[in-house]
Structures are given as C-alpha cells and as structure tokens.
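Excluded from the calculations below are hydrogen atoms, water molecules and symmetry mates; all remaining heavy atoms, backbone and side chain alike, are included. Counting starts at 1 for both ligands and their atoms, following the listed order.
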Amino acid sequence: MPNDMTPPSADFAKSAHIDAETYEKMYAASVADPEAFWAEHGQRIDWIKPYTKVKSASFAPGNIDIKWFEDGTLNVAANCIDRHLATRADQTAIIWEPDDPNDAAKHITYAELHRETCKMANILEDMGVRKGDRVVIYLPMIPEAAYAMLACARIGAIHSIVFAGFSPDALGARINGCDAKVLITADYAPRGGRQTPLKSNADAALLNVLRDCKVLVVRRTGGQITWKDGRDHDYNELRLEADNHTQAVEMSAEDPLFILYTSGSTGQPKGVVHTTGGYLVYASMTHAYTFDYHDGDIFWCTADVGWVTGHSYIIYGPLANGATTLMFEGVPTYPDAGRFWAVCEKHKVNQFYTAPTAIRALMGQGDEFVTKYDLSDLKLLGTVGEPINPEAWNWYNSVVGQGRCPIVDTWWQTETGGHLITPLPGAIPTKPGSATRPFFGVQPVVLDPHSGAEITATEAEGVLCLKDSWPGQMRTVWGDHERFEKTYFSDYKGYYFSGDGCRRDGDGYYWITGRVDDVINVSGHRMGTAEVESALVAHAKVAEAAVVGYPHKIKGQGIYAYVTLMNGVEPSDELRKELETWVRTEIGPIAKPDLIQWAPGLPKTRSGKIMRRILRKIAENDYGSLGDTSTLAEPAVVDELIENRMNKG
Ligand code: 6R9
C-alpha cells in the first residue's frame, strides 16, 4: 500500500458494513447490472405499491429523462417515522442542541416526531395546502424545521427551504420562483448569541410576492413581531388544537419531494428538483454506508437544513434509517471555539460530519479547545462542501479523531442528492485531500475539457462528469427543463457535467480541484459570480462589476469584486462599506465581497465579454501567467488593474 494511504484499522473494518472485498464486489455488480443492483437496494425502504421498473434514464441530447422505480408508490414521512414506530417509538429520533448552551437540549422520540409531524401536517392542510402545492420553509435550526419538512412530505406538498441567512429579496425571489402557497417562518433565529429577525424579513419579502401566500409563524424566542390578520397564522396556538394523526399520502416515486435553489454560473439560482423514491433510497443508503452508521449510534451533521447536506444527512437519510440525528441551532465559535467538541462530549456523538472551512477556522484557535473534551465516543469523521487541504485533514485526523477515526471526504452536490465519490470507511484507505473512489452505481469519468473526449488512462486530469444515472440524481430544474439540459448535459453530450475539475491518480483516486465554471465556493457555500455582480450593478453608483474567487485561508475562496463606478462618483472607504452592506441586504451575509477593487475599466474582449481568467489571476496576485491577452480590446486596462492591486499589497 502506498505510504500516503491510511487504511481503516482492523477493528473498524471488522465491524463495518462494507469491507474492502465487499466494496469491490458490490461496486462491480452495481455498474455491470444497475437494474439488478438497484432492484435489490431499492428494497431498503418501504413501498406501498412495489416497483416493477427500476431505471429509465436518458442523457441523450433533446431527451433528458431520468426516472427511478417509476411505477412504485410510497410516502417519505412514513418511511422516516411510521415504519420505525413498532420498534423504536421511544428511541430518540432528534437531539436538538440550542444556540445557547445554558438552555436545555431536547430529545425527540420517534413517537413524538410522529405526533408533531402529524400536527404540522394538519395545520398545513387547514391552511389549504394540498398534494403538489409548494411550501417555502424559512426557519432557524429548530425541531419545527424537521416537522415542517416531514409534514410536507406526509401530505405530498413540495417543500423549498430557504436558508435563514438569506435576505428578504432572495427569499421573495424563491417564493415567487416556486409559486408557494404557504411560507413557514419563525419570529427570530438565534445564532451565535445574536438574533435574525426572520418574521420581519418575511414581511419584507412578501411585499414583492405576487400571489397570495399565507404565513405560518413559529414562536422561537417570543420576541415582538408585527402581525397581519388573515395572512399570518400562529403555529404555537394552532398546534394546541391540531389533531395528532394524519394519513400519509400515497406518492408516486417520481412525484417531487423538494425544490432547493442553488447557484449556477449564469442567471438567478435554479430550483433543483428531487423526487420521492430514488432520492430516499440514495440518501438512506449513502448515510448508512458512508458513515458506517449502526443502530444506536448518535449521528451529527453540522450543516443547516437550508443546504442539501442538511436535507440528506440531518433529516432524510438518518431518519429513513431509524437513526438518532443531532440538530444544532448554533455556530462553531459560540460561546467559544470549543462548542462543537462540547456538544460531541455532551451527546456522545459517534459520527461527526462538517465542512473544511469550519475545521480550518477551529484549527487556528488552538488544540486546547478540542483536547479538554472527552471525544472517546467518536468513531468516524466526515467532511463536505469543498476540497480539504492536507494540513486541515491532518489536524482533524490527529487532534479531533486522535488518529483513530477514519475520515470520509465526501464529494457531491445539491444536484446529486447524496454522496457520489467518498471513501467507505471500512473498505477504502484514505489519502488527505482525496474524495477517493465512487459510491455504488456511480461512474465518474474524466473528460478532456477541450475535445470532450473521455480520458481512459488511470492517471487523468480534466473535467468531472458522470456516465450514467444514479437514483439520487436531480430530475429537472423547477419550471425550466430546458435549463436543466443546457446546464448539465450540453457541454459534454451524453454525460452529466458536474462543473468541477478533477484529477485521477495512479491508484484510481479522485481529487476534486474545484469549479471550472463561474461558481465560487465560499466557506462551502455556492455563489454564482453573476448573482453578486447583478447585486452590485443594481446599486445606483455602480456602472459595472466583475466578481471572481481568490484563495482565502479560512473560507477556501473569498469574493473579489472589481467595481467600475458611475461617471463622477469618487471611490472612498465609505462607499466600499456601503456596497458591502448593499450586497448583504440584496443576497445575504454570505455574499458580502471580501475585497473590492475600484476598476476604472474591466478587461474585455472585442466582443465585449469580460475576461475573468485575467481578473482571477490579478486577484490571486499572479501576474506572471496572465496568458493570452491578444484578444483584449484595451490592453492598458490590465496594467492599470495590476498597478492598483499591487498598491494594495
Ligand atoms: C454537498 C454540497 C457542490 C460543490 C461541488 C464542489 C464542492 C462539495 C466536495 C467539494 C471537493 C468535496 N464540493 N464536496 N469539493 N471535495 N468533498 O456541497 O453541495 O452546495 O451544491 O456544492 O461543492 O465544487 O460541485 P453544493
């Protein structure tokens, strides 16, 4: 075994669901005969009417059509709750850890989860929500977020969660985008000792919503809010009267389960659509195998339910598996940088799953924040969202995992529903920084970005595509199937294009090198440069803006904005602050530029296209390799930008 590899310990491998030999056998079977493989593994969830068709997937130009288990019927909430009641009614389904460590944690059993989900489902039905209707959820990380998701699934409504850090404008756009009938929100969202006024954000968002949208308000803090009679409904009051039973609606496998908006390289965020059957099979199977989840384990994924990671690995995957899943309302650094580890100790967490950006931030705070806690219950660590640098990987491994916990570096996307490339911890030796090898049924290929040809040699570098479908794959872009085809299937015909670049090494291991499109990854959150640009140019003093990513020590990538001001407007530090605040309110705090450079002009081709490649190099302070600048309309612009950049140091 090459010495850069860390094999699973013999102990871990012995009790793991999947060992090395089983992985090889199952993987080979999964790609040799996907129909047979998934016919078998589709059985891991409960079906009302069993499927007879397993897979029908076409990536052919003009006919992108993906269906799994299409003639089967089921209900996701029944799978995540009801089917466990016979054996686990009193087992904790959700451990809720509040923002303030002095407040009491909650342990919600499967029986309680059933009751609360039914109550929420009844409230939604009373508000007029029916199968196929859309419900937008804009909530803090509180148990009601889980009840809301599962209540929608129970009555066949399609939920669309908007991260509570998004601004009123972003929320309004998403409510309009999916034409939601109901918005579920809370009075306030406590996070890191501060409170976001969700209800007042929701009020502002609804000013721009055309359709009549009712609001269900959860009282999280009991703080003061404004109220609009007729439109606003009080969850805490309605809950007292709501019946604690509802029938789970029979859904077809291909009925949509949720829409989740995510950033792309062009235009506004798109609504990624996931459906019922394939998604649940895939989320539950990856949860069980990637994290080697065993009955009785306490599983903690630190993501927010506003992101796909929260959907698949806080709610749907774990609950489908009858797991105990931890939901954390707070942030890693409140009240101090030891919070993650305090929570791990307090709740005896066995599997811990977080983002590299959090690891890098905590690593800088010193080891004592970790070592003062008893982390002996930890068995496995995971990362997601961006490439992890070996330094952070090694710290995570030795200080947090005490060299005893395998690390699963999971590569996947909102679009993929679950992990696509990841070590299976009892089977695959890890290498710091590599997502290693594909999950069952996943066929990654590396294509030459210029010719589009598949590179068949083991060692390869290019763009990462998938050759065939897997059950968790997104099915369409909400309301715009053409955009689905154009975004994912048109650059490289016959393949699903991930938007990521990658390298495959001599051992067949995959190393994700980052986005190759105009998407940047800031602290593991996807941002379309176009979104930030359009927010900037919406400001009255801005004539033009170009946004690129640049390497950032903690965030992975930072947001670098080149801004050209309107004629007669003078640059100043005040204006810089004004623009930062502007972007925060237009999109949300995660989109705030880290650096703004005043640009008298932007480098453009003669046809008027901004040459981002050059702007990226300047942002990186890398002037030696600007590449071909011969197509520039005004080459002098570049010299000026470099000069300004250098003056800033
Ligand atoms: C799950 C999630 C997807 C993009 C993806 C890639 C990056 C995610 C990664 C990773 C390297 C990993 N990414 N996991 N890069 N190693 N283990 O993050 O979904 O928000 O849609 O982002 O994140 O660039 O294309 P999403």
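Less than 4.0 angstrom separates some heavy atom of Ile512 from each of these atoms of ligand 1: 11 (C), 15 (N). Ligand 1 places these atoms under 4.0 Å from at least one heavy atom of Thr410: 9 (C), 12 (C), 14 (N), 17 (N). Those atoms of ligand 1 that come under 4.0 Å of a heavy atom in Asp409, given as number and element, are 12 (C), 16 (N), 17 (N). Proximity to Thr309 (heavy-atom distance under 4.0 Å) selects the following atoms of ligand 1: 1 (C). Listed by number with element, the atoms of ligand 1 under 4.0 angstrom from any heavy atom of Val384 are 1 (C). Taking every non-hydrogen atom of Asn521 and a distance limit under 4.0 Å, the qualifying atoms of ligand 1 come out as 7 (C), 23 (O).
Among the candidates Asp409, Asp505, Thr436, the single residue satisfying the side chain to side chain donor-acceptor pair (under 3.5 Å) test with Lys431 is Asp505.
For the pair Arg504 and Tyr509, the NZ or CZ position fails the cation-pi test of under 6.0 Å to the six-membered ring centre and within 45 degrees of the ring normal.
Neither the backbone nor the side chain of His525 has any atom closer than 4.0 Å to an atom of ligand 1 (non-hydrogen atoms only). With a heavy-atom cut-off of 4.0 Å, Ile388 does not touch ligand 1 at all.
Assignment of Trp307 to the shell around ligand 1 is not supported, since no heavy atom sits closer than 4.0 Å.
Checked against a 3.5 angstrom limit, the closest N/O atoms of Gln413 and ligand 1 fall inside it.
For atom 21 (O) of ligand 1, the closest non-hydrogen atom on the protein side is Thr414 OG1, 2.5 Å. In this structure, atom 5 (C) of ligand 1 lies nearest to the protein heavy atom Asp500 OD2, 3.1 Å. For atom 12 (C) of ligand 1, the closest non-hydrogen atom of the protein is Glu386 O, 3.5 Å. Summary of contacts: the protein heavy atom closest to atom 14 (N) of ligand 1 is Gly385 N, 3.1 Å. Given atom 22 (O) of ligand 1, the protein heavy atom at minimum distance is Arg526 CD, 3.1 Å. Ranking the protein heavy atoms by distance from atom 11 (C) of ligand 1 puts Pro387 N, 3.1 Å first. Nearest protein heavy-atom neighbour of atom 3 (C) of ligand 1: Trp412 O, 3.6 Å.
Under 3.5 Å, the side chains of Thr325 and Tyr313 contain no donor-acceptor pair of N or O atoms. Counting only N and O atoms by type, the side chains of Asn621 and Tyr550 include no donor and acceptor under 3.5 Å apart. Counted by atom type alone, Ser469 and Trp68 present one or more donor-acceptor pairs between their side chains at under 3.5 Å. At a cut-off of 3.5 Å, with distance as the only test, no side-chain donor of Gln473 or Tyr496 sits close to an acceptor on the other residue. Looking at Thr422 and Thr410, their side chains never bring a donor and an acceptor atom within 3.5 Å of each other. Side-chain atoms of Tyr495 and Glu454 include a donor-acceptor pair closer than 3.5 Å. At a cut-off of 3.5 Å, with distance as the only test, no side-chain donor of Arg339 or Thr333 sits close to an acceptor on the other residue.
Side-chain rings of Phe439 and Tyr27 stay apart, their centers remaining 6.0 Å or farther from each other. Between Phe489 and Phe484, the gap from one ring centroid to the other is short of 6.0 Å.
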